Amino acid sequence: MLSSSRYKTTSTLTSLLSSPTKAPSPLRLRLQQPSLSLSLTTKPHHRTMSTTTPSSTKPPLPPFTHATALLKVKAAQDLWNTRDPSLVKNGYTPDSIWRNRDTFLQGTEEIVKFLTEKWSVENGYRLRKELFAFTDDKIAVQFWYEWHDASSQWWRTYGLEDWTFAPDGRMRKRQMSANDVKISDEERWFKEGVDVNAVEIGEKHW
């Protein structure tokens with residue numbers, strides 16, 4: 001809240017406006033996460049506001065705590081479940097380094113191409129990620145996702161990821177290893193309408 005002491009009286013404002021050498025400076029209030037910029041001018045009802053967070057900053061930021069590492073994992077899970085490469089790429093630095101199984105990538109252009117091809121094959125994709133371990137700027141993740149191929153055969157992919165983050169919260173390195181297991185429709189965990197976070201996963205699958 002702006003303090004009333006920062007507002008000029010009517011007489012002072014009139015004096016400032018009539019002076020040829022001085023111009024009133026706008027008052028500005030800034031808040032962070034999400035960033036808020038509020039500008040007030042001396043003219044009534046002329047106010048601008050921005051509630052956007054710069055696209056290059058992806059909170060929570062390192063160094064991570066257990067709570068913020070959990071948030072980071074679930075944010076990534078939700079982002080990947082959109083299956084939209086143009087959205088997913090925003091979580092990574094422009095020069096992000098990937099190893100996805102036996103495929104090596106670098107940069108968001110290659111990432112978008114890879115994900116586009118991936119999701120053209122992995123139909124019905126639904127993913128769950130869980131925190132495995134973390135340090136200041138690194139997070140390890142265990143994940144499972146289910147999908148079916150062109151013949152309608154269902155698969156469950158089990159994997160581990162190693163993430164390294166830049167100071168702005170975007171991922172600058174991702175290393176992933178995984179195995180695909182053939183499953184029947186009855187064995188599926190993440191069927192349509194099921195909350196992937198609510199599925200009970202037995203110890204033998206962790």
Side-chain angles (χ1 to χ4, degrees), residues 33-35 50-62 64 68-132 138-180 183 185 188-199 201:
Q33 291 189 355
S35 61
S50 172
T51 57
T52 59
T53 300
S55 60
S56 60
T57 301
K58 298 295 179 185
L61 310 179
F64 299 115
T68 59
L70 284 172
L71 288 173
K72 204 70 170 176
V73 170
K74 289 304 178 180
Q77 171 187 294
D78 294 343
L79 191 61
W80 278 62
N81 273 331
T82 68
R83 289 175 283 176
D84 185 340
S86 66
L87 292 178
V88 174
K89 73 173 185 178
N90 295 326
Y92 301 88
T93 60
D95 59 349
S96 186
I97 297 170
W98 280 29
R99 179 189 58 78
N100 198 94
R101 304 187 196 223
D102 60 352
T103 301
F104 293 81
L105 310 168
Q106 184 164 11
T108 50
E109 184 176 340
E110 291 186 11
I111 289 171
V112 168
K113 183 177 183 293
F114 172 83
L115 292 177
T116 300
E117 294 172 354
K118 166 187 171 70
W119 285 320
S120 71
V121 174
E122 295 177 348
N123 302 294
Y125 175 98
R126 298 196 73 198
L127 165 73
R128 175 163 160 184
K129 294 180 184 284
E130 293 293 343
L131 177 65
F132 189 79
K138 292 176 71 70
I139 294 177
V141 173
Q142 188 163 7
F143 68 85
W144 311 259
Y145 66 83
E146 294 177 348
W147 55 282
H148 68 83
D149 57 28
S151 69
S152 297
Q153 171 63 56
W154 281 95
W155 301 83
R156 182 181 302 129
T157 299
Y158 293 76
L160 294 168
E161 290 178 290
D162 173 22
W163 301 342
T164 305
F165 290 87
D168 65 7
R170 291 184 295 177
M171 199 182 301
R172 69 174 186 83
K173 188 172 71 169
R174 171 181 177 265
Q175 304 287 305
M176 179 275 225
S177 297
N179 301 100
D180 301 321
I183 59 173
D185 185 74
R188 292 168 59 199
W189 295 339
F190 307 141
K191 294 186 177 183
E192 293 77 7
V194 172
D195 179 358
V196 296
N197 294 310
V199 174
I201 300 177

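Fair warning: this is a prediction, and the values are worked out from it, not measured in the lab.
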I'd like to check P94 versus R170 (side-chain heavy atoms, cut-off strictly below 4.5 Å). Are they in contact?
yes
Please tell me whether D180 and T157 have a donor and an acceptor in their side chains that are separated by less than 3.5 angstrom.
yes
Minimum heavy-atom separation for S56 and D168, please, with both atom names.
O-OD2, 2.8 Å
Hey, does the side chain of E110 reach the backbone of L105 with a donor-acceptor pair shorter than 3.5 angstrom?
no
Of the non-hydrogen atoms in L61 and T57, which two are nearest, and what is the gap between them?
CD2-CG2, 4.0 Å
Measure the shortest side-chain to side-chain distance between Q175 and T164 over non-hydrogen atoms and say whether it is less than 4.5 angstrom.
no
Is there a side-chain contact between D185 and K191 in this structure, where contact means two heavy atoms from C-beta onward sitting under 4.5 Å apart?
yes
Looking only at heavy atoms, what is the nearest atom pair of S86 and D84, with distance?
OG-OD1, 2.6 Å
Check whether R172 reaches the backbone of A166 with its side chain - one donor and one acceptor, N or O, closer than 3.5 Å.
no
Step by step, work out the side-chain contact (heavy atoms from CB on, under 4.5 Å) result for R174 and I111.
CA-CA 11 Å; R174 171 181 177 265; I111 289 171; over 6 Å; no
Just wondering, do W119 and V88 contact through their side chains at under 4.5 Å, heavy atoms?
yes
d(R156 CZ, R126 CZ) to nearest 0.5 Å is 13.0 Å
Output for pair (D162 CG, F132 CZ), nearest 0.5 Å, gives 11.0 Å
Just do the ring-ring contact (aromatic ring centres under 6.0 Å, His included) check on F143 and W80 with the steps written out, would you?
CA-CA 12 Å; F143 68 85; W80 278 62; 8.3 Å; no
Consider side-chain contact (heavy atoms from CB on, under 4.5 Å). Of K173, K72, K58, which one does F165 pass it with?
K72
Parallel, tilted or perpendicular: rings of Y145 and Y125 (30°, 60°)
tilted
Distance-minimising heavy-atom pair for A150 and N123:
N-ND2, 4.2 Å
Can you find a heavy atom in the side chain of V196 that is under 4.5 Å from one in the side chain of W144?
no
State whether the side chain of N179 and the backbone N or O of Y158 hold a donor-acceptor pair below 3.5 Å, judged by distance alone.
no
Hey, are the side chains of Q106 and F104 touching, using non-hydrogen atoms and a 4.5 Å cut-off?
no
Nearest non-hydrogen partners of W155 and D149, listed with the distance:
NE1-OD2, 3.1 Å
For K113 and E109: C-alpha separation, side-chain torsions, deciding distance, then whether salt bridge (Lys or Arg N to Asp or Glu O under 4.0 Å) applies.
CA-CA 6 Å; K113 183 177 183 293; E109 184 176 340; over 6 Å; no
Rounding to 0.5 Å, atoms NZ (K74) and CG (L131) come to a distance of 9.5 Å
Which pair of heavy atoms, one from S152 and one from H148, lies closest together, and at what distance?
CA-ND1, 3.9 Å
About how many Å separate NZ of K89 and OG of S96, when rounded to the nearest 0.5 Å?
13.0 Å
Test applied, side chain to side chain donor-acceptor pair (under 3.5 Å); reference residue, N197; option that passes from K129, E130, Q77:
Q77
Look at the side chain of R128 and the backbone N and O of V199, then say whether any donor-acceptor pair between them is shorter than 3.5 Å.
yes
Pair D78, T82 - check side-chain contact (heavy atoms from CB on, under 4.5 Å), show working.
CA-CA 7 Å; D78 294 343; T82 68; over 6 Å; no
So CG of N100 and CZ of F114: to nearest 0.5 Å the spacing works out to 3.5 Å
